[in-house]
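Below is one structure, written out as C-alpha cells, with a few remarks after it.
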Amino acid sequence: MKNIILGIFLFLSLILVFAKSHFEYYHFLFPLILIYALWLFERRKKKSVRRKILVGGLLLLNICILFISDSLLYKKINSELYYWTEQKLTVNHFKGKPDNTSEHTATVFPSMVGKISRVYNYPSYVILAADKNNDSWIKKELYSDSVENLKKMDSLLNHEKRHLDLTEIYNRKAIDSIDNLVLPSYQLKYDIVEYFFKISDSVNDEYDKETEHGANSKIQLKWDNYIDSRLHLEKKTTHNTVYN
C-alpha cells in the first residue's frame, strides 16, 4: 500500500514537471502541497534505506520544481530564440540566409514571447523580448577587413541591436502594466502584451524611417541615447556611419 501511495506521489510529481514546462496551468503551491503531503505521510513511518532514498528523491524533485526559474526554464525549452541582453550583437548572431532581393544589408525579427498563467500563479507570466535569429540575416560579404568597413559593420550591428532594445522597452512596459493589476484575467494579460508589442512594432518602423536604416548617424545617435536612457544603459558619445 505504501509503495502504491509513493507511486502516486511520483506520478503527480511528473505531472508537475510537465505543467511547469508548459507554465499556463502550473501554480507554485502545487509542489508545496506535494512536499507537505509527502512529509506528513512519511514522518512517523519506519523506512528502509531504499525507501529513504526514494522519498528523498521525490522531495528533491519537488523542491527543484518549486525553485527553478520559470523564465530560465522557458529559455532552455525554447533555446532556438535569442533573448534580449545588454550585450552587443556579433555577426555570428545572424543565422538566416540573406535576402539578396532586399536593399537592406541586415534584418532582425524582434518579438515578445512567453507564456501567461491561467491559474493566478506567481509570477503570472513569462514575457521576454527575443529575436528569431535563425531567420535574421546579414550580408557580411559586403564588408572587407578594411578599417573603414569594420567600422561600418560595427554601426550596422548597433543599428540592428537597437531594434531588440526598443522591443525590450515595451516588453518592460507590458510587464509593469500587468504587475499593476489585481488578479487580471488571462485574456486581459494577453491583450496587454499584444497592445505593447504592436506599439513596439510601430516604433521600430519609425526608428528605421528616421535613421534611414542607420545611414543617418546623427539621428541614430539620438535614438541610441534615448534607448539607453529608457533601459538605464550607459549613453553613447560617438557613433560610426553605417553602410547600407
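Remark: side-chain polar atoms of K20 are not paired, donor with acceptor, to backbone N or O of L73 under 3.5 angstrom. At distances below 3.5 Å, not a single donor-acceptor pair connects side-chain atoms of N171 with backbone N or O atoms of T167. Counting only distance, with no hydrogens or angles, the side chain of S111 and the backbone of V113 share no donor-acceptor pair below 3.5 Å.
In this structure the side chain of S102 reaches within 4.5 angstrom of the side chain of W137, judged on heavy atoms. Side-chain contact between N121 and Y26 is present, with at least one heavy-atom pair separated by less than 4.5 Å. Residues L166 and P110 are not in side-chain contact: their nearest non-hydrogen atoms beyond the backbone lie 4.5 Å or more apart. Using a 4.5 Å heavy-atom threshold, the side chains of V108 and Y82 count as separate. Within the 4.5 Å cutoff, the side chain of L157 has no heavy atoms near those of the K88 side chain.
A side-chain donor-acceptor contact under 3.5 Å links D224 and Q220.
Between F18 and H22, the gap from one ring centroid to the other is short of 6.0 Å.
Between S117 and Y186, the shortest heavy-atom distance links the atoms O-CD1, 3.9 Å. The two residues E160 and A106 come nearest to each other via the heavy atoms OE2-O, 3.5 Å. Between K161 and T85, the shortest heavy-atom distance links the atoms NZ-O, 3.0 Å. Heavy atoms only, all atoms of each residue included: M112 and F196 are closest at SD-C, 4.2 Å. Considering every non-hydrogen atom in both V126 and S71, the closest pair reads CG1-CA, 3.8 Å. Closest of all the heavy-atom pairs between K115 and F23 is CB-CD2, 3.5 Å.
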Name each donor-acceptor pair under 3.5 Å that joins a side chain in residues 90-97 to protein atoms two or more places apart or in another chain, with its distance.
unit_1: T90; atom_1: OG1; unit_2: N92; atom_2: N; d: 3.4
unit_1: H93; atom_1: NE2; unit_2: D131; atom_2: OD2; d: 2.6
unit_1: K95; atom_1: NZ; unit_2: N92; atom_2: O; d: 3.3

Mind listing the side-chain donor-acceptor pairs of residues 27-38 below 3.5 Å, one per line with the distance, residues two or more places apart or on another chain?
unit_1: H27; atom_1: ND1; unit_2: L29; atom_2: N; d: 3.1
unit_1: H27; atom_1: NE2; unit_2: Y120; atom_2: O; d: 3.1

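Sorted by first and then second residue, the salt bridge (Lys or Arg N to Asp or Glu O under 4.0 Å) pairs involving residues 172-190 (not counting sequence neighbours) are E168-R172.
Using a cut-off of 4.0 Å between Lys/Arg side-chain N and Asp/Glu carboxylate O, K139 and D99 are scored as not salt-bridged. One finds no salt bridge joining K198 and D201 here, because no Lys/Arg side-chain nitrogen approaches an Asp/Glu carboxylate oxygen to under 4.0 Å.
Interatomic distance, OG of S200 versus CG of D165, reported as 12.0 Å (0.5 Å rounding).
Within 6.0 Å of CD on E80 lie more than 12 heavy atoms contributed by other residues, nucleotides or ligands.
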